[in-house]
Amino acid sequence: MSKLNPRQREAVHYIGGPLLVLAGAGSGKTSVITRKIAYLVEQCEIPARHIAAVTFTNKAAREMKERVGQLLQGRDSRGLTVSTFHNLGLNIIRREHRTLGFKPGFSIFDDQDSKALLRDLLLHNDEDAEQVQTVQHQISTWKNDMIEPEQALAVANGPLEILCARAYEAYNRHLRAYNAVDFDDLILVPVRLFGSHPEVLERWQGRIRYLLVDEYQDTNLSQYRLVRQLVGYRGALTVVGDDDQSIYAWRGARPENLAQLQQDFPSLKVVKLEQNYRSTSRILKAANTLIANNPHVFEKTLWSEMGSGDPLRVLHTRNEDAECDRIATEILDRHLRERIPFRDFAVLYRGNHQSRMLEMKLQSYQVPYKISGGTSFFARAEIKDLMCYLKVLVNRDDDNAFLRIINLPRREIGPTTLQKLGEYASARQASLFDACAEIGLEQVLPAAAIDRLRRFCHMIESLYQRCVQGDPIAAIRELIDEIGYEEWIRQNSASEATAEKRIQNVWFLVDSLRATLERLQEDNPEAGIEEAIARLILIDLMNRQEEEDDSDRVQLMTLHASKGLEFPHVYLMGMEEELLPHRNSIESDTIEEERRLAYVGITRAKRTLTMTLAKKRRQFGEEVECAPSRFLDELPAEDIEREGLGDVSPEQNRAKGRATLSGLRGLLDDL
């Protein structure tokens, strides 16, 4: 226990009753949980099989179990339960399936299974996916809030809620008929079981004699009830949580569960872990000052022995293009000048859409990066589709790209046609594209199939001629209209909002192709569309490098995905009203959770923190004025350095950018 600080040691040793460990960001909470498990086994002589620790992700559970195994060093840890809430619930259902009325080998419906069942019950097709998703979400919310179908129907207000409540009843009935449970049932079913069968609950309370719960602020109502039932009145409980890092209300998390502990257990002991082992004092001061604007049941103040550190920086930029350019060039500059590995940089943002422009900038400067907790721009289906059109446009031998787009949107070219085309092309040692034009194909395929294949090839050839002889970007835009790609996206998206985002991605790629072509022509006026597409293809390939080349990359992720992680140098982009805090939170008056989200972002930084914002952003094709985030005004002014407050012309920005790049080239020449 020598490596623990006094507060951590107090939390590990206390077993006299229920305990809340209020663990601030970077305060070593995982060490407390794992060492307490070891302490319970080694010093308190509680058999490992009577101890359970629950958390929220499989990764966290695995890491926790590995660390406990190392601490116990060969002592008997058989039967120790370290799992997610849902795995614990699954084990309870499996052991008690007879009492619950399930047959052995019951099924677990995943998200897609549930959607398919609801689609059948609602008599909907794929084009009604948005309503199916709405009903599914509402049923999940009711289950997490312990609301039965008949209760939901009794309080339903309006046609949609009535529809959801009726679907809920039918959905549950069908699950039972299928001998199945869904993801939410893994918690709800055990809670109901324990409520109606005291003898079963007593058996499980005897099996789990000490319970530890991680990230308690993220528990929903049904998870809270499960914990309360298993602990009973014995109070053999340690929960670890931080109300300042509760950022999952949208999926049912109730930070008030922390406060509820004092009512459930009047003898509750609270131990605060306030020493931070991650960040400099200035970063922690900013985080403390910001979060102090939220109401608190438990007060705490993070502190560090890691020195004052650099001031926090706030960069004001002209627009999102300048914002992303500044982040990309600065990371490259610091990588080269200060020899900072790319992996030490993280760029955090409120929404995944903010990464599009940043990805393009990083790629144009050949800065490797990795998207975490989201989908890379080039990995999105609509971008892959359009990239394949561009690949076939400049390389008729690209059979993989040809196969992706030949029937997209649908052209009534089926798998049998493509199989015979492939066999013919292999025999002739020709590409699929070239094989379509050969007379010999008429001996293999019917005339109608050949006509459809050749019409596609003619469209590609015509597009190429228009690109070479006229405006290539205009020609590509015309192609997208001609094939009806926007309408195809709308027909294959879960909602109109999703479709709009995907369509915006398509036009963003076209704009990026135009910008790439213009940059190439600055150096070589003869450069054409083939060179521009080749550059984009290279960017795409860089984005899909093998895992062994993935070790040194800038980390890009949403603020939600960053929770639990830490990085030496953090860029927090989009510090504007309606981005952070998000527009929805302003309209629904849930600013407190957005402030906690900003707090999570700040406390990811170990050494330096840079926050960026844009004066204007493009929305629905137009530039709109942006207001700085209110959270910037809540930070300690004496620890903030601001740059770019004055009006800087585009020419000045470009000149500064050229000077930066020139300096970087000089550095590269010296390497």
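Quick caveat, the model's predicted, so the values are computed rather than measured.
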- Query: Is any side-chain N of the basic residue among Lys361 and Asp321 closer than 4.0 Å to the acidic one's carboxylate O?
  - Reply: yes
- Across all chains, not counting sequence neighbours, the side-chain contact (heavy atoms from CB on, under 4.5 Å) partners of Lys606 are Arg278, Glu566, Pro568
- May I ask you to say whether Glu320 pairs ionically with Lys615, meaning some side-chain N is under 4.0 Å from a carboxylate O? no
- Query: So does Arg192 have more than 12 non-hydrogen atoms from other groups sitting under 6.0 Å from CZ?
  - Reply: yes
- Lys/Arg-Asp/Glu bridge criterion (N-O < 4.0 Å) met for Glu576, Arg583: no
- Message: What verdict does the salt bridge (Lys or Arg N to Asp or Glu O under 4.0 Å) test give for Glu594 and Arg630, after you've listed the backbone C-alpha separation in whole Å, the side-chain angles of each residue and the deciding distance to 0.1 Å?
- Response: CA-CA 11 Å; Glu594 292 291 299; Arg630 68 190 71 189; over 6 Å; no
- Measure from NZ or CZ of Arg228 to the centre of the six-membered ring of Phe265, then state whether that distance is under 6.0 Å and the direction lies within 45° of the axis. yes
- Task: Tell me, please, whether Phe567 has Arg604 positioned over its six-membered ring: NZ or CZ under 6.0 Å from the ring centre and within 45 degrees of its axis?
- Result: no
- Is it the case that more than 12 heavy atoms not belonging to Lys272 sit under 6.0 Å from its NZ atom? yes
- Task: Report the residue from Arg318, Met357, Arg617 that forms a side chain to side chain contact (heavy atoms under 4.5 Å, CB included) with Glu323.
- Result: Arg617
- Query: Between Glu643 and Arg326, is there a side-chain N and carboxylate O pair less than 4.0 Å apart?
  - Reply: yes
- Closest approach of Asn144 to Asp184 (non-hydrogen atoms, all atoms of both residues): OD1-OD1, 3.4 Å
- Task: Under the ring-ring contact (aromatic ring centres under 6.0 Å, His included) rule, collect the residues that match up with Tyr210, sequence neighbours excluded.
- Result: none
- Within a reach of under 6.0 Å around CZ of Phe298, are more than 12 heavy atoms found that belong to other residues, nucleotides or ligands? yes
- Minimal non-hydrogen separation, Gln217 against Ser246, with atom names: O-OG, 3.6 Å
- Salt-bridged, Asp218 to Arg254, with N to O below 4.0 Å? no
- Task: Evaluate whether atom NZ of Lys65 has more than 12 neighbouring non-hydrogen atoms of other residues, nucleotides or ligands under 6.0 angstrom away.
- Result: yes
- Presence of salt bridge, Lys143 and Asp185, under 4.0 angstrom: yes
- Query: Less than 4.0 Å between a side-chain N and a carboxylate O, is that true for Arg595 and Glu592?
  - Reply: no
